[in-house]
Amino acid sequence: MTDTRRAILDALADGPADGPTLADRLDVSRAAIWKHVEALREAGFAIQSGDDGYRITAVPEYGGPAVAYGLDAPYEVEYHDSIGSTNDRARQLPAEGAPETVVVADEQTGGRGRLDREWSAPSGGVWLSVFARPSLPPARVPLLTMAAAVATAEAAREAGVDARIKWPNDVLVERDGDVRKLAGILTEMEGEADRVSWVVVGVGVNANVDPADLPDGSTSLRAERAHAGRDPADIDRRTFAQRVIERFHECRGDPDAVLPAWRDRSDTLGRRVRVDTPGGEVVGEAVDVEPPGTLVVETAEGVRRVSAGDCEHLRPAE
Ligand code: BTN
């Protein structure tokens with residue numbers, strides 16, 4: 001979307017405005033405003049022209065302009081109906097000199113998960129990657145991953161699904177004693193010893209996807225709502241994606257609040273866990289999480305601190 005089109009949407013999100021006012025404010029001709037308004041109508045916005053100017057009366061269900069409209073966070077939005085991986089696309093943005101951007105897709109054909117796993121991403125999910133240039137030392141980047149997990153779990157809760165976080169960043173839902181995966185986060189970065197050049201925080205949420213089209217042990221927002229006897233219709237992916245992006249951005253601005261919010265939504269703390277780490281297996285009770293996202297585990301041999309690994313929740317006796 002062009003900068004002018006985004007600026008028109010931002011202006012109309014605050015209420016109606018007429019052509020001359022918009023042209024003046026955005027420093028373009030009235031004819032240009034008219035052309036952009038027509039393009040927005042073609043993109044699915046219902047824009048009425050009345051005495052008080054242009055007024056948006058309906059927004060498309062999903063897509064780049066829909067996610068950008070009313071988004072309370074300073075990111076460009078780039079949308080693809082289908083793409084290999086939003087993380088791969090976002091990783092190209094630094095070389096293009098792009099501003100901070102969220103890459104969103106309806107479908108990914110080569111979605112990537114943690115630990116070099118594949119990530120199924122059929123049409124209907126919320127697949128997005130935030131490209132950012134945070135002023136953080138690389139050692140603090142795990143906080144952004146935790147922030148994305150918090151943002152996702154909170155947005156799911158707002159959508160009526162009680163999601164919790166398994167360390168470090170799997171978003172899960174428990175139903176009838178079974179735990180199913182709803183969402184995952186994949187963070188990638190480039191930087192030097194003391195400075196991050198860029199990060200890409202990829203968020204994959206099974207939103208309006210049939211769990212039969214996902215790996216075993218997965219669930220979706222729509223399926224969970226239907227099971228809870230709530231509205232079985234599609235969830236509003238536009239609002240959901242906006243909430244994830246906005247909450248993530250809020251956390252970026254207040255890094256000290258990330259771990260308290262993570263603890264609140266954690267399913268790991270207080271449980272017996274087995275963590276597969278590069279240095280071997282750690283088994284014990286997960287008792288806390290410390291900056292920048294280190295899991296503190298009380299084992300039979302004493303307290304261990306784990307900064308990376310695959311975590312499994314164990315039954316108390318295991
Ligand atoms: C995990 O293994 O749990 C992490 C999954 C991350 C998937 C998301 S979907 C959007 C972004 N693009 C990718 O290719 N992966 C991430």
Side-chain angles (χ1 to χ4, degrees), residues 62-64 67 75 77-94 100-132 141-142 144-153 155-156 163-173 179-190 198-209 211 213-221 235 237 240-245 247-248 262 265-268 275-276 293 295 308-313:
Y62 203 45
V67 174
Y75 300 93
V77 179
E78 180 184 300
Y79 179 80
H80 302 264
D81 286 327
S82 180
I83 196 171
S85 152
T86 54
N87 263 41
D88 289 350
R89 169 61 194 136
R91 291 172 61 108
Q92 297 170 343
L93 293 171
E100 295 197 337
T101 299
V102 184
V103 180
V104 183
D106 175 43
E107 172 197 57
Q108 295 181 117
T109 52
R112 296 189 288 108
R114 290 176 65 225
L115 310 169
D116 286 330
R117 294 175 186 142
E118 283 178 13
W119 178 261
S120 294
S123 168
V126 169
W127 322 122
L128 63 84
S129 300
V130 182
F131 156 64
V141 166
L144 296 181
T145 308
M146 310 296 261
V150 165
T152 305
R164 307 204 72 85
I165 307 168
K166 177 165 77 93
W167 184 88
N169 49 39
D170 279 346
V171 180
L172 311 171
V173 180
V179 174
R180 297 177 174 87
K181 181 153 166 166
L182 178 73
I185 320 286
L186 174 66
T187 300
E188 301 178 286
M189 59 160 280
E190 194 167 279
W198 54 260
V199 294
V200 167
V201 182
V203 179
V205 187
N206 306 324
N208 299 322
V209 183
D213 297 331
L214 294 169
D216 283 351
S218 306
T219 191
S220 69
L221 289 170
I235 72 127
R237 285 189 294 168
F240 186 88
Q242 289 182 330
R243 282 306 294 137
V244 171
I245 299 163
R247 184 69 176 111
F248 172 77
W262 190 94
R265 297 307 310 152
S266 162
D267 191 32
T268 297
V275 192
D276 221 350
L295 188 66
D310 221 9
C311 172
E312 189 188 344
H313 290 167

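Order of appearance sets the numbers: ligands from 1, and atoms from 1 within every ligand.
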State whether the side chain of W127 and the backbone N or O of V205 hold a donor-acceptor pair below 3.5 Å, judged by distance alone.
no

Report yes if the side chains of V141 and T187 come closer than 4.5 Å at any heavy-atom pair, otherwise no.
yes

Find out whether V150 and I165 are in side-chain contact, i.e. whether some heavy atom of one side chain is under 4.5 Å from a heavy atom of the other.
yes

Residue shell around ligand 1, heavy atom under 4.0 angstrom
S85, T86, N87, Q108, G111, R112, G113, R114, W119, L128, S129, D170, K181, G184, I185, L186, G202, V203, G204

Whether the side chain of N206 engages the backbone of A183 through a donor-acceptor N/O pair (distance < 3.5 Å, no angle test) should be reported.
no

Which heavy atom in A155 sits nearest to a heavy atom in R243, and how many Å separate them?
CB-CB, 4.1 Å

Sole residue of R180, K166, R164 in side-chain contact (heavy atoms from CB on, under 4.5 Å) with L172:
K166

